[in-house]
Amino acid sequence: MKKILIIGAVGQIGSELTMALRNIYGGENVIASDINNIASEKLLKSGPFEIVDITDKNSIVSMIKKYNINIIIDLAAILSATGEKNPMLAWNVNINGLINVLEIAREYKIEQVLIPSSIAVFGPGTPIECAPQETVLHPTTMYGITKVAGELVADYYVKKYNLDVRGLRYPGIISNETLPGGGTTDYAVAIYYDAVKYGKYTCFVKEDTRLPMMYMPDCLKATIDLMQADFSSLKHHSDFNVGAMSFSVKELADSIRKYIPNFVIEYKPDFRQAIADSWPNAVDDTAAREEWGWNPSFDLDAMTQDMLKVIGEKHKQGLI
Ligand code: NAD
Ligand code: AKB
């Protein structure tokens, strides 16, 4: 019986991954945890929820013992924009928290650990048009530095202790359930909410800014497919590039205008422009496709249609 502990379950990805895993493995077998207890009613009612601080090893150990955990998913993080405002907090949560998880996994013989990485591992020196799987990793943000260090330390635990650790370099994730938590790619979510609510959006990066992005259903599929892959067939472990789409802000606004013709966008770039400029336009995800069959479903227009439908419905019901 799989017993999964998700740390950081209240965030943008965790709130939806928890529900997806509960549908597969049963509510009681997926323990949602976070330092923050502002979780949706759906998440709180569909299975256990616990307060865990990833920087406090004992708070994780008590969950391992209480629930007999055999899989840990570490989604606790401080993202790129918030990390630039508080770099030491980013280091503490993203690295010291991860080390706690890996040490506990080793000590308590946890069967699998999943740790997301990010396109933030890339930086100057990475080919901008399509970042290869193996390339220069010189990030300019503390968040990116923690993600490179996290990949390296995770691979160290695979080699040194034969621990099953897996991870993907998510692109910017776009979703309509939980708002993103302080990243640079947040504009690609906020634009849909403001288009529905106000018919206009002020973007904090320039119109020709182009980044790799992915819709949440593909993010959930990628995560679960990697979790279920045969470990012995993996040549990479914690650093899989996963691509889905790549578009500029102008192309995103044009896609929204197909459904909201009068949508207006203006641009007021701030400090996040430099972060976005340090990341590639797209990634080469051949390794993920070959090693565990990665294949995304959503393109920009399919995602726009679905985002506007769901957010439009929430707006009509007065939920946003
Ligand atoms: P998020 O900011 O939405 O959620 C992170 C969660 O971690 C929050 O609920 C927060 O309360 C929790 N947290 C913070 N400090 C904690 C602590 N000390 N102990 C326990 N929990 C703590 O982030 P997300 O977007 O859901 O990201 C999840 C993972 O995916 C992260 O590793 C992130 O780097 C990675 N990722 C996300 C994206 C994206 O676009 N969302 C892209 C690339 C990578
Ligand atoms: C961020 O913008 O910080 C995240 C990410 C791409 O890792 N969304």
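In each ligand, atom 1 is the first atom listed, and ligand 1 is the first ligand listed. Heavy atoms only: backbone and side chains are in, while hydrogens, waters and symmetry mates are out. Sequential numbering from 1 along the given sequence is applied to the chain's residues.
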Between Glu151 and Ser117, do the side chains contain an N or O donor and an N or O acceptor separated by less than 3.5 Å?
-> yes

Tell me, with the steps shown, if Ile191 and Ile256 meet side chain to side chain contact (heavy atoms under 4.5 Å, CB included).
-> CA-CA 9 Å; Ile191 192 171; Ile256 291 174; 3.8 Å; yes

Quick look: Ile119 vs ligand 1, heavy-atom contacts under 4.0 Å, and the answer is neither

Under 4.0 Å from ligand 1, counting heavy atoms only, is it the side chain of Ala9, its backbone, both or neither?
-> neither

So, for Thr185 and Gly172, which heavy atoms are closest and what is the spacing to 0.1 Å?
-> OG1-CA, 3.5 Å

Atom 31 (C) of ligand 1 sits nearest the protein heavy atom Ala77 CB, 3.4 Å

Before accepting this row, confirm whether a basic side-chain N of the pair Glu107/Lys57 lies closer than 4.0 Å to the acidic partner's carboxylate O.
-> yes

Would the Phe122 and His138 ring centres measure less than 6.0 Å apart?
-> no

Just one of Asp218, Asp285, Thr286 clears the side-chain hydrogen bond (donor to acceptor under 3.5 Å, both in side chains) bar with Trp294, so which one?
-> Asp285

Hey, are Arg210 and Asp208 close enough for a salt bridge, meaning a charged N less than 4.0 Å from a carboxylate O?
-> no

May I ask you to list the atoms of ligand 1 that are less than 4.0 angstrom from any heavy atom of Gly172?
-> 40 (O)

Looking only at heavy atoms of Arg169, does any of them come nearer than 4.0 Å to an atom of ligand 1?
-> no

So, Asp254 and Lys250, do they make that salt bridge, N to O below 4.0 Å?
-> yes

Salt bridge (charged side-chain N to carboxylate O under 4.0 Å, His left out) pairs touching residues 16-34, sequence neighbours excluded, are none

What do you reckon, is OH of Tyr156 surrounded by more than 12 foreign heavy atoms closer than 6.0 Å?
-> no

Where do Pro212 and Pro171 come nearest, in terms of heavy atoms and distance?
-> O-CB, 3.2 Å

Got the residues with a heavy atom under 4.0 Å of ligand 2, by chain and number?
-> Leu79, Ser80, Ser118, Ile119, Tyr143, Gly183, Thr184, Thr185, Trp279

Sub-6.0 Å ring centroid separation between Phe240 and Trp292 | yes

Among all protein heavy atoms, pick the one closest to atom 18 (N) of ligand 1 and tell me residue, atom and distance.
-> Asp53 OD1, 2.9 Å

If you measure every N/O of Ile54 against every N/O of ligand 1, is any gap under 3.5 Å?
-> yes

Just which atoms of ligand 1 are under 4.0 Å from any heavy atom in Val52?
-> 19 (N), 20 (C)

Between Pro171 and ligand 1, find which residue part has any heavy-atom pair under 4.0 Å and reply side chain, backbone, both or neither.
-> backbone

Of the protein's non-hydrogen atoms, which lies at the shortest distance from atom 25 (O) of ligand 1, and what is that distance?
-> Gln12 OE1, 3.6 Å

Using the side chain to side chain contact (heavy atoms under 4.5 Å, CB included) rule, take Phe247 and Leu211 through it: C-alpha gap first, then chi angles, then the decisive distance, then the call.
-> CA-CA 6 Å; Phe247 49 77; Leu211 288 174; over 6 Å; no

Identity and distance of the protein heavy atom lying nearest atom 7 (O) of ligand 1 | Ala76 CA, 3.4 Å

Among Asn36, Asp34, Ile173, the residue with a heavy atom nearest to atom 9 (O) of ligand 1 is Asp34

Identity and distance of the protein heavy atom lying nearest atom 26 (O) of ligand 1 = Ile13 N, 2.9 Å

Contact check, Gly97 vs ligand 1, heavy-atom distance below 4.0 Å | no

Honestly, is Arg257 close enough over Phe263, meaning NZ or CZ under 6.0 Å from the six-membered ring centre and within 45° of the axis?
-> no

If you look only at distance, which donor and acceptor atoms sit under 3.5 Å apart when one is on a side chain in residues 221-229 and the other is two or more places apart or in another chain?
unit_1	atom_1	unit_2	atom_2	d
Lys221	NZ	Asn295	O	2.7
Thr223	OG1	Tyr170	OH	2.6
Thr223	OG1	Cys219	O	2.6
Gln228	NE2	Tyr25	OH	3.2

Per atom 44 (C) of ligand 1, closest listed option by heavy atom (Pro116, Ser117, Ala39, Gly83) = Ser117

Starting from atom 32 (O) of ligand 1, find the nearest protein heavy-atom neighbour and note its residue, name and distance.
-> Lys147 NZ, 2.9 Å

Please verify whether a non-hydrogen atom of Ala120 lies at under 4.0 Å from ligand 1.
-> no

Could you tell me the residue and atom name of the protein heavy atom closest to atom 34 (O) of ligand 1, and the distance to it rounded to 0.1 Å?
-> Tyr143 OH, 2.5 Å

Would you give me the side-chain donor-acceptor pairs under 3.5 Å for residues 307-317, sequence neighbours excluded?
unit_1	atom_1	unit_2	atom_2	d
Lys314	NZ	Asn176	O	2.4

Return the residue, atom name and 0.1 Å-rounded distance of the protein heavy atom closest to atom 4 (O) of ligand 1.
-> Gly11 CA, 3.3 Å

Pick from Leu75, Ile73, Val242, Val10: the one approaching atom 29 (C) of ligand 1 most closely through a non-hydrogen atom = Leu75

